[in-house]
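First comes the structure, then the notes that go with it.
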Amino acid sequence: MKTSKRLEGIGEYYFSQKLREIDGLNKAGKNIINLGIGSPDLPPHPEVIQVLNDESVKPNVHAYQGYKGIASLRNAISQWYKKWYNVELNADTEILPLIGSKEGIMHICMTYLDKGDEVLVPNPGYPTYRSAVKLAGGKCVEYKLREKNNYEPDFEKLGNSKLKKVKLMFVNYPQMPTGQLPSEDLFEKLVAFGKKHDILIIHDNPYSFILNESPMSLLSIDGAKDCVLELNSLSKSHNMAGWRVGMLCGAKERIDEVLRFKSNMDSGMFLPVQLAAAKALSLEKDWHDGVNTIYTTRREKVFELLRLINCKFSTKQAGMFVWAKIPSKYKDGYDLSDHVLYNNNVFITPGGIFGDAGNKYIRVSLCAPAEKFEEAIQRIQDPLNVPGR
Ligand SMILES: Cc1ncc(COP(=O)(O)O)c(C=O)c1O
(Lines give C-alpha, C1' and ligand atoms only; values in the text may rest on other atoms or scores of the structure.)
Protein backbone atom coordinates (compact mmCIF):
# COMPACT_ATOMS: atom_id res chain seq x y z
CA MET A 1 0.00 0.00 0.00
CA LYS A 2 1.43 3.38 -0.92
CA THR A 3 1.63 5.71 2.06
CA SER A 4 0.39 9.28 1.83
CA LYS A 5 2.54 12.08 0.44
CA ARG A 6 2.34 13.69 3.84
CA LEU A 7 4.48 10.88 5.26
CA GLU A 8 7.27 11.45 2.76
CA GLY A 9 10.40 12.57 4.57
CA ILE A 10 8.95 11.52 7.94
CA GLY A 11 11.12 8.66 9.14
CA GLU A 12 10.50 6.35 12.02
CA TYR A 13 11.28 8.17 15.26
CA TYR A 14 15.03 7.77 15.99
CA PHE A 15 14.46 6.16 19.38
CA SER A 16 11.97 3.66 18.03
CA GLN A 17 14.67 2.39 15.61
CA LYS A 18 17.48 2.54 18.14
CA LEU A 19 15.51 0.75 20.84
CA ARG A 20 15.00 -2.11 18.36
CA GLU A 21 18.74 -2.32 17.84
CA ILE A 22 19.36 -2.22 21.60
CA ASP A 23 16.77 -4.96 22.04
CA GLY A 24 18.68 -7.09 19.54
CA LEU A 25 21.97 -6.46 21.38
CA ASN A 26 20.31 -7.40 24.67
CA LYS A 27 18.98 -10.63 23.17
CA ALA A 28 22.58 -11.38 22.21
CA GLY A 29 23.52 -11.04 25.91
CA LYS A 30 24.97 -7.51 25.88
CA ASN A 31 22.85 -6.10 28.72
CA ILE A 32 23.03 -2.53 27.43
CA ILE A 33 22.72 0.31 29.97
CA ASN A 34 20.35 2.73 28.27
CA LEU A 35 21.07 6.35 29.20
CA GLY A 36 19.19 7.63 26.18
CA ILE A 37 15.52 8.25 26.79
CA GLY A 38 14.06 10.88 29.12
CA SER A 39 11.26 8.86 30.64
CA PRO A 40 11.20 9.28 34.43
CA ASP A 41 11.88 5.96 36.17
CA LEU A 42 10.60 7.26 39.53
CA PRO A 43 6.91 6.87 40.48
CA PRO A 44 4.41 9.68 41.03
CA HIS A 45 3.53 10.71 44.58
CA PRO A 46 1.69 7.82 46.38
CA GLU A 47 -1.39 9.99 46.96
CA VAL A 48 -1.69 10.52 43.21
CA ILE A 49 -1.75 6.77 42.67
CA GLN A 50 -4.23 6.44 45.53
CA VAL A 51 -6.66 8.80 43.79
CA LEU A 52 -6.41 6.76 40.59
CA ASN A 53 -7.00 3.52 42.52
CA ASP A 54 -9.93 4.88 44.55
CA GLU A 55 -11.62 6.49 41.56
CA SER A 56 -11.14 3.74 39.02
CA VAL A 57 -13.08 1.15 41.09
CA LYS A 58 -16.20 3.32 41.03
CA PRO A 59 -18.87 2.17 38.56
CA ASN A 60 -19.68 5.59 37.11
CA VAL A 61 -16.26 6.85 35.97
CA HIS A 62 -15.83 4.91 32.74
CA ALA A 63 -17.79 7.00 30.27
CA TYR A 64 -16.37 9.38 27.65
CA GLN A 65 -15.33 12.68 29.14
CA GLY A 66 -15.83 16.20 27.83
CA TYR A 67 -13.40 17.60 25.27
CA LYS A 68 -12.19 20.39 27.56
CA GLY A 69 -11.42 18.21 30.58
CA ILE A 70 -13.23 18.34 33.92
CA ALA A 71 -13.56 21.64 35.76
CA SER A 72 -11.59 20.43 38.77
CA LEU A 73 -8.56 19.63 36.58
CA ARG A 74 -8.75 23.01 34.84
CA ASN A 75 -9.09 24.71 38.23
CA ALA A 76 -6.06 22.78 39.51
CA ILE A 77 -4.06 23.88 36.45
CA SER A 78 -5.12 27.49 36.96
CA GLN A 79 -4.08 27.41 40.64
CA TRP A 80 -0.81 25.68 39.72
CA TYR A 81 0.02 28.40 37.20
CA LYS A 82 -0.74 31.09 39.78
CA LYS A 83 1.25 29.43 42.55
CA TRP A 84 4.41 28.52 40.65
CA TYR A 85 4.52 30.91 37.69
CA ASN A 86 2.47 33.85 38.99
CA VAL A 87 0.28 33.67 35.89
CA GLU A 88 -3.49 34.23 36.00
CA LEU A 89 -5.44 31.85 33.77
CA ASN A 90 -9.20 31.65 33.50
CA ALA A 91 -9.95 28.00 34.24
CA ASP A 92 -13.00 27.98 31.95
CA THR A 93 -11.57 29.62 28.90
CA GLU A 94 -7.76 29.79 28.92
CA ILE A 95 -6.82 26.18 29.65
CA LEU A 96 -7.11 23.05 27.54
CA PRO A 97 -6.00 19.77 29.16
CA LEU A 98 -4.10 17.56 26.72
CA ILE A 99 -3.24 13.90 26.46
CA GLY A 100 0.44 14.85 26.85
CA SER A 101 2.03 17.94 25.38
CA LYS A 102 3.33 16.00 22.35
CA GLU A 103 -0.18 15.74 20.94
CA GLY A 104 -0.64 19.47 21.56
CA ILE A 105 2.28 20.20 19.21
CA MET A 106 0.47 18.35 16.43
CA HIS A 107 -2.90 19.98 17.22
CA ILE A 108 -1.37 23.44 17.05
CA CYS A 109 0.25 22.72 13.68
CA MET A 110 -3.00 21.28 12.29
CA THR A 111 -4.94 24.26 13.60
CA TYR A 112 -2.78 27.00 12.10
CA LEU A 113 -0.78 25.70 9.15
CA ASP A 114 -1.65 25.57 5.50
CA LYS A 115 0.63 24.37 2.75
CA GLY A 116 3.55 26.76 2.41
CA ASP A 117 3.18 28.35 5.83
CA GLU A 118 6.50 28.57 7.62
CA VAL A 119 7.43 27.76 11.19
CA LEU A 120 10.59 28.68 13.09
CA VAL A 121 11.95 25.59 14.83
CA PRO A 122 15.01 25.38 17.10
CA ASN A 123 18.16 23.57 16.02
CA PRO A 124 19.01 21.74 18.21
CA GLY A 125 15.48 21.07 19.44
CA TYR A 126 12.81 18.45 20.13
CA PRO A 127 12.40 16.54 16.83
CA THR A 128 8.59 16.44 17.14
CA TYR A 129 8.31 20.16 16.26
CA ARG A 130 9.81 19.41 12.85
CA SER A 131 7.74 16.33 12.12
CA ALA A 132 4.48 17.93 13.27
CA VAL A 133 5.07 20.96 11.03
CA LYS A 134 5.80 18.72 8.04
CA LEU A 135 2.82 16.45 8.71
CA ALA A 136 0.56 19.49 8.81
CA GLY A 137 1.90 20.64 5.42
CA GLY A 138 4.01 23.51 6.76
CA LYS A 139 7.65 24.30 6.11
CA CYS A 140 10.30 24.33 8.84
CA VAL A 141 12.71 27.24 8.98
CA GLU A 142 15.40 26.33 11.47
CA TYR A 143 17.00 28.85 13.77
CA LYS A 144 20.31 27.89 15.31
CA LEU A 145 20.91 27.86 19.03
CA ARG A 146 24.58 28.26 19.81
CA GLU A 147 26.53 27.74 22.98
CA LYS A 148 28.22 31.13 22.61
CA ASN A 149 24.77 32.82 22.64
CA ASN A 150 23.60 30.82 25.68
CA TYR A 151 21.46 28.80 23.29
CA GLU A 152 19.18 31.79 22.73
CA PRO A 153 17.85 32.71 19.29
CA ASP A 154 19.86 35.35 17.44
CA PHE A 155 17.04 37.92 17.26
CA GLU A 156 19.01 40.33 15.13
CA LYS A 157 19.65 37.71 12.49
CA LEU A 158 16.08 36.45 12.68
CA GLY A 159 14.69 39.98 12.42
CA ASN A 160 16.69 40.51 9.22
CA SER A 161 15.43 37.34 7.59
CA LYS A 162 12.25 36.91 5.54
CA LEU A 163 9.46 36.33 8.04
CA LYS A 164 6.39 37.10 5.92
CA LYS A 165 5.28 33.47 5.65
CA VAL A 166 6.19 32.58 9.24
CA LYS A 167 3.09 31.91 11.36
CA LEU A 168 4.51 30.01 14.34
CA MET A 169 7.74 29.80 16.29
CA PHE A 170 8.52 26.89 18.62
CA VAL A 171 10.63 27.70 21.68
CA ASN A 172 11.39 25.63 24.74
CA TYR A 173 13.13 26.78 27.96
CA PRO A 174 14.55 25.08 29.99
CA GLN A 175 15.73 23.98 26.58
CA MET A 176 15.88 20.37 25.53
CA PRO A 177 18.49 19.10 24.66
CA THR A 178 20.88 21.85 25.81
CA GLY A 179 19.52 22.29 29.36
CA GLN A 180 19.68 26.09 28.95
CA LEU A 181 17.54 28.02 31.46
CA PRO A 182 15.49 31.02 30.37
CA SER A 183 16.02 34.57 31.59
CA GLU A 184 13.37 37.25 31.94
CA ASP A 185 15.23 39.24 29.29
CA LEU A 186 14.98 36.35 26.82
CA PHE A 187 11.27 35.93 27.51
CA GLU A 188 10.65 39.64 26.99
CA LYS A 189 12.51 39.53 23.70
CA LEU A 190 10.45 36.55 22.56
CA VAL A 191 7.16 38.30 23.27
CA ALA A 192 8.36 41.49 21.56
CA PHE A 193 9.51 39.44 18.55
CA GLY A 194 6.15 37.62 18.31
CA LYS A 195 4.22 40.89 18.48
CA LYS A 196 6.43 42.76 16.04
CA HIS A 197 6.28 40.06 13.36
CA ASP A 198 2.80 38.75 14.06
CA ILE A 199 4.10 35.29 14.90
CA LEU A 200 2.40 32.98 17.39
CA ILE A 201 5.12 31.87 19.82
CA ILE A 202 4.59 28.32 21.07
CA HIS A 203 6.46 27.85 24.32
CA ASP A 204 6.92 24.21 25.26
CA ASN A 205 7.62 24.14 29.00
CA PRO A 206 7.78 20.55 30.32
CA TYR A 207 11.11 20.83 32.17
CA SER A 208 10.66 23.87 34.42
CA PHE A 209 10.54 21.84 37.66
CA ILE A 210 13.54 19.62 37.05
CA LEU A 211 16.81 20.82 38.58
CA ASN A 212 15.50 24.35 38.53
CA GLU A 213 14.66 26.42 41.60
CA SER A 214 12.65 29.08 39.74
CA PRO A 215 10.09 27.72 37.28
CA MET A 216 9.17 30.37 34.68
CA SER A 217 6.32 30.69 32.22
CA LEU A 218 6.47 32.75 29.04
CA LEU A 219 2.90 33.77 29.86
CA SER A 220 4.23 35.71 32.87
CA ILE A 221 5.49 38.44 30.51
CA ASP A 222 3.12 41.43 30.18
CA GLY A 223 0.91 41.14 27.12
CA ALA A 224 2.13 37.60 26.35
CA LYS A 225 -1.36 36.22 25.79
CA ASP A 226 -1.54 38.33 22.61
CA CYS A 227 1.06 36.17 20.90
CA VAL A 228 1.93 33.14 23.07
CA LEU A 229 0.52 29.68 23.60
CA GLU A 230 2.23 27.63 26.29
CA LEU A 231 2.37 23.84 26.46
CA ASN A 232 3.05 22.18 29.78
CA SER A 233 3.08 18.63 31.04
CA LEU A 234 3.00 16.38 34.09
CA SER A 235 5.26 13.85 32.37
CA LYS A 236 8.53 15.06 33.84
CA SER A 237 7.48 17.39 36.68
CA HIS A 238 5.31 14.73 38.35
CA ASN A 239 6.86 11.49 37.05
CA MET A 240 3.71 10.76 35.05
CA ALA A 241 5.03 10.34 31.50
CA GLY A 242 2.97 7.21 30.82
CA TRP A 243 -0.22 8.77 32.17
CA ARG A 244 -0.35 11.23 29.29
CA VAL A 245 -1.43 14.46 30.91
CA GLY A 246 -0.46 17.86 29.57
CA MET A 247 -2.05 21.23 29.01
CA LEU A 248 -2.28 24.14 26.62
CA CYS A 249 -2.63 27.64 28.07
CA GLY A 250 -3.29 30.96 26.41
CA ALA A 251 -5.93 33.39 25.17
CA LYS A 252 -9.50 32.11 24.94
CA GLU A 253 -9.63 32.62 21.15
CA ARG A 254 -6.52 30.48 20.62
CA ILE A 255 -7.78 27.74 22.95
CA ASP A 256 -11.11 27.66 21.08
CA GLU A 257 -9.30 27.43 17.74
CA VAL A 258 -7.14 24.49 18.84
CA LEU A 259 -10.19 22.81 20.39
CA ARG A 260 -11.91 22.87 17.00
CA PHE A 261 -9.22 20.52 15.75
CA LYS A 262 -8.59 18.49 18.91
CA SER A 263 -12.25 17.70 19.57
CA ASN A 264 -12.23 15.85 16.26
CA MET A 265 -9.24 13.75 17.30
CA ASP A 266 -9.92 12.27 20.74
CA SER A 267 -12.82 11.82 23.09
CA GLY A 268 -11.50 13.15 26.35
CA MET A 269 -9.30 11.73 29.07
CA PHE A 270 -10.13 8.95 31.57
CA LEU A 271 -11.84 10.63 34.54
CA PRO A 272 -9.73 8.97 37.29
CA VAL A 273 -6.56 10.10 35.47
CA GLN A 274 -7.87 13.68 35.42
CA LEU A 275 -8.68 13.55 39.14
CA ALA A 276 -5.27 12.09 39.96
CA ALA A 277 -3.59 14.74 37.80
CA ALA A 278 -5.42 17.46 39.77
CA LYS A 279 -4.03 15.89 42.96
CA ALA A 280 -0.50 15.89 41.51
CA LEU A 281 -0.74 19.59 40.68
CA SER A 282 -1.50 20.37 44.33
CA LEU A 283 1.79 18.87 45.56
CA GLU A 284 4.04 21.15 47.56
CA LYS A 285 7.67 22.13 47.08
CA ASP A 286 8.96 19.34 49.34
CA TRP A 287 7.85 16.77 46.78
CA HIS A 288 9.69 18.48 43.93
CA ASP A 289 12.71 18.94 46.21
CA GLY A 290 12.76 15.20 46.91
CA VAL A 291 12.75 14.37 43.20
CA ASN A 292 15.45 16.95 42.50
CA THR A 293 17.69 15.60 45.26
CA ILE A 294 17.70 12.27 43.44
CA TYR A 295 18.43 13.92 40.07
CA THR A 296 21.25 15.95 41.65
CA THR A 297 23.00 12.79 42.89
CA ARG A 298 22.59 11.16 39.51
CA ARG A 299 23.85 14.24 37.73
CA GLU A 300 27.09 14.13 39.72
CA LYS A 301 27.63 10.59 38.42
CA VAL A 302 26.89 11.71 34.87
CA PHE A 303 29.44 14.51 35.22
CA GLU A 304 31.96 11.86 36.32
CA LEU A 305 31.10 9.68 33.33
CA LEU A 306 31.40 12.61 30.93
CA ARG A 307 34.78 13.62 32.35
CA LEU A 308 35.98 10.06 31.74
CA ILE A 309 35.21 10.36 28.04
CA ASN A 310 36.69 13.90 27.91
CA CYS A 311 33.46 15.75 27.18
CA LYS A 312 32.95 19.40 28.15
CA PHE A 313 29.72 20.60 29.72
CA SER A 314 28.08 23.31 31.80
CA THR A 315 27.17 22.30 35.36
CA LYS A 316 24.25 24.77 35.34
CA GLN A 317 21.83 22.87 33.14
CA ALA A 318 18.17 22.24 33.98
CA GLY A 319 15.95 19.36 32.91
CA MET A 320 16.57 15.66 33.05
CA PHE A 321 19.59 15.45 30.75
CA VAL A 322 23.17 16.59 30.57
CA TRP A 323 24.28 18.08 27.25
CA ALA A 324 27.99 17.81 26.56
CA LYS A 325 30.47 18.67 23.84
CA ILE A 326 32.45 15.74 22.50
CA PRO A 327 36.26 15.63 22.24
CA SER A 328 37.69 16.28 18.76
CA LYS A 329 38.91 12.71 18.25
CA TYR A 330 35.33 11.69 17.41
CA LYS A 331 33.83 12.72 14.07
CA ASP A 332 30.51 13.56 15.72
CA GLY A 333 28.15 12.52 18.51
CA TYR A 334 26.97 9.50 16.50
CA ASP A 335 30.55 8.28 16.34
CA LEU A 336 31.02 8.63 20.10
CA SER A 337 27.60 7.11 20.83
CA ASP A 338 28.36 4.06 18.63
CA HIS A 339 31.79 3.76 20.22
CA VAL A 340 30.40 3.49 23.77
CA LEU A 341 27.49 1.33 22.62
CA TYR A 342 29.64 -1.29 20.89
CA ASN A 343 32.66 -1.16 23.23
CA ASN A 344 31.11 -0.46 26.62
CA ASN A 345 27.47 -1.57 26.23
CA VAL A 346 26.23 1.86 27.24
CA PHE A 347 23.81 3.86 25.11
CA ILE A 348 23.91 7.66 25.10
CA THR A 349 22.09 9.87 22.64
CA PRO A 350 23.98 11.54 19.79
CA GLY A 351 23.21 15.27 19.77
CA GLY A 352 22.75 15.28 15.98
CA ILE A 353 19.27 13.76 16.27
CA PHE A 354 18.12 17.16 17.56
CA GLY A 355 19.42 18.95 14.46
CA ASP A 356 22.84 19.40 12.86
CA ALA A 357 23.80 22.13 15.35
CA GLY A 358 23.94 19.25 17.87
CA ASN A 359 26.38 17.17 15.83
CA LYS A 360 29.34 17.77 18.11
CA TYR A 361 27.39 16.96 21.26
CA ILE A 362 25.87 14.07 23.15
CA ARG A 363 22.98 13.99 25.62
CA VAL A 364 22.91 11.77 28.70
CA SER A 365 19.60 11.09 30.44
CA LEU A 366 19.26 11.22 34.22
CA CYS A 367 16.43 8.69 34.17
CA ALA A 368 18.29 5.70 35.60
CA PRO A 369 19.17 4.73 39.18
CA ALA A 370 22.56 5.91 40.49
CA GLU A 371 23.89 2.30 40.42
CA LYS A 372 23.36 2.21 36.67
CA PHE A 373 25.57 5.27 36.23
CA GLU A 374 28.19 3.66 38.47
CA GLU A 375 28.08 0.52 36.39
CA ALA A 376 28.31 2.58 33.18
CA ILE A 377 31.36 4.34 34.61
CA GLN A 378 32.96 0.97 35.40
CA ARG A 379 32.26 -0.32 31.91
CA ILE A 380 33.90 2.73 30.40
CA GLN A 381 36.91 2.43 32.73
CA ASP A 382 37.27 -1.28 32.07
CA PRO A 383 35.93 -2.08 28.58
CA LEU A 384 37.28 -5.62 28.59
CA ASN A 385 35.00 -6.47 31.46
CA VAL A 386 31.60 -5.65 29.99
CA PRO A 387 28.82 -8.26 29.57
CA GLY A 388 28.87 -10.29 26.36
CA ARG A 389 32.51 -9.54 25.52
C1 LIG B 1 10.86 19.33 24.76
C2 LIG B 1 9.78 18.33 24.92
N3 LIG B 1 8.51 18.69 24.70
C4 LIG B 1 7.50 17.82 24.83
C5 LIG B 1 7.73 16.51 25.20
C6 LIG B 1 6.56 15.57 25.29
O7 LIG B 1 6.04 15.52 26.55
P8 LIG B 1 4.66 14.81 26.87
O9 LIG B 1 5.00 13.55 27.59
O10 LIG B 1 3.91 15.77 27.71
O11 LIG B 1 3.96 14.53 25.57
C12 LIG B 1 9.03 16.07 25.43
C13 LIG B 1 9.26 14.67 25.79
O14 LIG B 1 10.31 14.12 25.74
C15 LIG B 1 10.09 17.01 25.29
O16 LIG B 1 11.36 16.66 25.52
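Note that ligands are numbered from 1 as they come in the structure, with each ligand's atoms numbered from 1 the same way. Here the structure is a predicted model, which is why all the values come from computation and not from measurement.
- The closest non-hydrogen atom to atom 14 (O) of ligand 1, taken over M320, K236, M176, comes from K236.
- Ligand 1 places these atoms under 4.0 Å from at least one heavy atom of S233: 8 (P), 10 (O).
- Proximity of F313 to V364: side-chain heavy atoms (C-beta onward) are nowhere separated by under 4.5 Å.
- Closest protein heavy atom to atom 6 (C) of ligand 1: Y126 OH, 3.4 Å.
- The distance criterion of under 3.5 Å between nitrogen or oxygen atoms is met by S235 with respect to ligand 1.
- Under a 4.0 Å heavy-atom criterion, E103 is not in contact with ligand 1.
- Interface atoms of ligand 1 facing G100, defined by a heavy-atom separation under 4.0 Å, are 10 (O), 11 (O).
- Judged as a ring-ring contact (aromatic ring centres under 6.0 Å, His included), and not counting sequence neighbours, Y295 has no contacts.
- When only interatomic distances are considered, the shortest N/O to N/O separation between S101 and ligand 1 falls below 3.5 Å.
- At a threshold of 4.5 Å between non-hydrogen side-chain atoms, the residues L341 and V346 do not count as touching.
- The residues E118 and K139 are annotated as salt-bridged, a charged nitrogen and a carboxylate oxygen being separated by less than 4.0 angstrom.
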Quiz item: Could you go step by step and tell me if Y67 and N264 meet the side-chain hydrogen bond (donor to acceptor under 3.5 Å, both in side chains) rule?
Solution: CA-CA 9 Å; Y67 299 105; N264 284 291; over 6 Å; no
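- For H203 and F170, the gap between ring centers reaches or exceeds 6.0 Å.
- Ion pairing between R244 and E103 fails under the 4.0 Å rule for side-chain N and carboxylate O.
- Each of the following atoms of ligand 1 lies closer than 4.0 Å to a heavy atom of R244: 8 (P), 9 (O), 11 (O).
- Given atom 16 (O) of ligand 1, the protein heavy atom at minimum distance is Y207 OH, 2.6 Å.
- Using a 4.0 Å cut-off between heavy atoms, Y129 contacts ligand 1 through its side chain alone, with no backbone atom that close.
- Taking 4.0 Å as the cut-off, Y173 does not count as a neighbour of ligand 1 on heavy-atom distance.
- If you look at F354 and Y126, their ring centroids are not closer than 6.0 Å.
- Taking only non-hydrogen atoms, the option from I105, N205, D204, I99 nearest to atom 2 (C) of ligand 1 is D204.
- Remark: the backbone N or O of F209 is paired with a side-chain donor or acceptor of N292 at under 3.5 angstrom.
- At least one heavy atom of P206 sits closer than 4.0 Å to an atom of ligand 1.
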